[in-house]
Amino acid sequence: MAEEKQPKETNPHLRGMKEGKRAGHKKQEAERPKEYPRRALCIFITILLLLAGLAVLIVWSIYRPHKPRFTVVGAAVNHLNTSSPPYLSTSMQFTIVTRNPNRRVSIMYDRLTAYVSYRNQAITPPMVLPPFYHEKKSTVVMYPVLVGERVPVSVEVSDGLVMDEAYGVVGLRVVLLGRLRWKGGAIKTGRYGIYVKCDILVGLKKGFVGQVPLLGSPQCQVDI
């Protein structure tokens, strides 16, 4: 019997499609080995990041840094006057005690400024305090002198001060702003902003100069 011959593909479009599929398969097979190093690199980087995050979490759980504590324990008024249109001139000194409650972590204050506000308005410009290093479980005492000369204030502030001095009680707010870092062993954290707000009441009559009594000494509010 005569062998049947397979008919040759006469349609050029079908032949082109088959050849294109074969070329595509060859291209995929050629590119496939290149994908393996990339995938392995991505997996390696992912594992490395997970291990680094786990290490940071372990260290943080061991040291667990707590916020420092601040308290105003003394105040002296050297000068406090109002003038037109209105201006306010003042010179005050405060005794501020700060406590580091951490047993394993010390605190590094890279920058710290202080100012006084009255009725939510600053009455002294920010004063730069020297940076300092706060040892573990230790206490540091600061004595900033905050001065403001002819600081423009609102009529509410000027009139309110006259009324409060006549009553004999003046509410002040001492504010500390800065940047700090925690240090545990050889590990140092990045810099964090710190905002300390100390609301105090002082016994003060108009014209009095010198140490003024604190009517209570609540602990300051600390935000980091």
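Numbers here are sequence positions counted from 1.
- Judged by distance alone, with hydrogens and angles left aside, the side-chain atoms of Q211 form a donor-acceptor pair with the main-chain N or O of A75 at under 3.5 Å.
- The distance from atom CH2 of W182 to atom OG1 of T189, rounded to the nearest 0.5 Å, is 6.5 Å.
- Heavy-atom minimum distance, K67 versus P101: O-CG, 3.5 Å.
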(request) Begin with the C-alpha distance, continue with both residues' side-chain angles, and end with the deciding distance and a verdict on side-chain contact (heavy atoms from CB on, under 4.5 Å) for L49 and F44. (result) CA-CA 9 Å; L49 291 175; F44 174 76; over 6 Å; no
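- Between L180 and L112 the shortest side-chain heavy-atom distance does not fall below 4.5 Å.
- In this structure, the side chain of K197 does not engage the main chain of R173 through any donor-acceptor pair within 3.5 Å.
- Under the 4.5 Å side-chain heavy-atom criterion for ILVMFWY residues, a single connected hydrophobic cluster contains both I96 and F132.
- When the side chain to side chain contact (heavy atoms under 4.5 Å, CB included) test is applied to V196, the partners found at least two apart in sequence or on another chain are F70, L176, I194, C198, C220, V222.
- Nearest heavy-atom pair, L214 versus V73, reported as atom, atom and distance to 0.1 Å: CD1-C, 3.4 Å.
- Cluster membership check: Y87 does not share its hydrophobic cluster with L172, using side-chain heavy-atom separations under 4.5 Å among Ile, Leu, Val, Met, Phe, Trp and Tyr.
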(request) Go through the steps to decide whether S106 and Y133 satisfy the test side-chain hydrogen bond (donor to acceptor under 3.5 Å, both in side chains), and finish with yes or no. (result) CA-CA 8 Å; S106 56; Y133 184 74; 2.7 Å; yes
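- In the hydrophobic cluster analysis, where Ile, Leu, Val, Met, Phe, Trp and Tyr join through side-chain heavy atoms closer than 4.5 angstrom, V162 is grouped apart from V77.
- The shortest non-hydrogen separation linking Y115 to P125 is CB-O, 4.0 Å.
- Here the side chains of V170 and E165 are in contact, with some heavy-atom distance below 4.5 Å.
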List the atom pairs, donor and acceptor, that lie under 3.5 Å between side-chain atoms in residues 142-161 and the rest of the protein, sequence neighbours left out.
residue: S154; atom: OG; partner: Q121; partner atom: OE1; Å: 3.3
residue: S154; atom: OG; partner: V157; partner atom: N; Å: 3.3

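- Note that CD1 of I45 is 8.0 Å distant from CG of L48, once rounded to the nearest 0.5 Å.
- Note that CD1 of I200 and OG1 of T71 are 11.5 Å apart. Values are rounded to the nearest 0.5 Å.
- Side-chain contact between T124 and Y118: absent, with no pair of heavy atoms (C-beta onward) separated by less than 4.5 Å.
- L177 and V116 fall into different hydrophobic clusters, where Ile, Leu, Val, Met, Phe, Trp and Tyr are joined by side-chain heavy atoms under 4.5 Å apart, directly or via other members.
- For K137, the NZ atom is densely surrounded, since the number of other residues' heavy atoms within 6.0 Å is greater than 12.
- Look at R119 and D164 and you find a salt bridge, because one of the NZ, NE, NH1 or NH2 atoms lies within 4.0 Å of a carboxylate O, short of that distance.
- In this structure, L201 CG and L215 CG are separated by 6.0 Å, a value rounded to the nearest 0.5 Å.
- In the hydrophobic clustering of this structure, V202 does not group with V175; members are Ile, Leu, Val, Met, Phe, Trp, Tyr whose side-chain heavy atoms approach within less than 4.5 Å, directly or through other members.
- If you take CG on L88 and OG on S83, they are separated by 8.0 Å, rounding to the nearest 0.5 Å.
- You'll find the side chain of N81 stays beyond 4.5 Å of the side chain of T90, heavy atoms only.
- No side-chain donor-acceptor contact under 3.5 Å links N78 to the backbone of M92.
- In terms of modelled atom types and a separation under 3.5 Å, the side chain of T98 and the main chain of R69 share a donor-acceptor contact.
- In terms of heavy-atom proximity, G190 sits nearest to R181 at O-CG, 3.5 Å.
- With a 4.5 Å cut-off on side-chain heavy atoms, R111 and R191 do not count as touching.
- Applying the ring-ring contact (aromatic ring centres under 6.0 Å, His included) rule to F94 yields no partners; only residues at least two apart in sequence or on another chain are considered.
- Shortest non-hydrogen contact noted between H134 and R99 is CE1-C, 3.6 Å.
- P68 places none of its side-chain heavy atoms less than 4.5 Å from the side chain of N100.
- With T46 contributing its side chain and C42 its backbone, the two residues share a donor-acceptor pair below 3.5 Å.
- Here the closest non-hydrogen pair linking V105 and N102 is O-CB, 3.3 Å.
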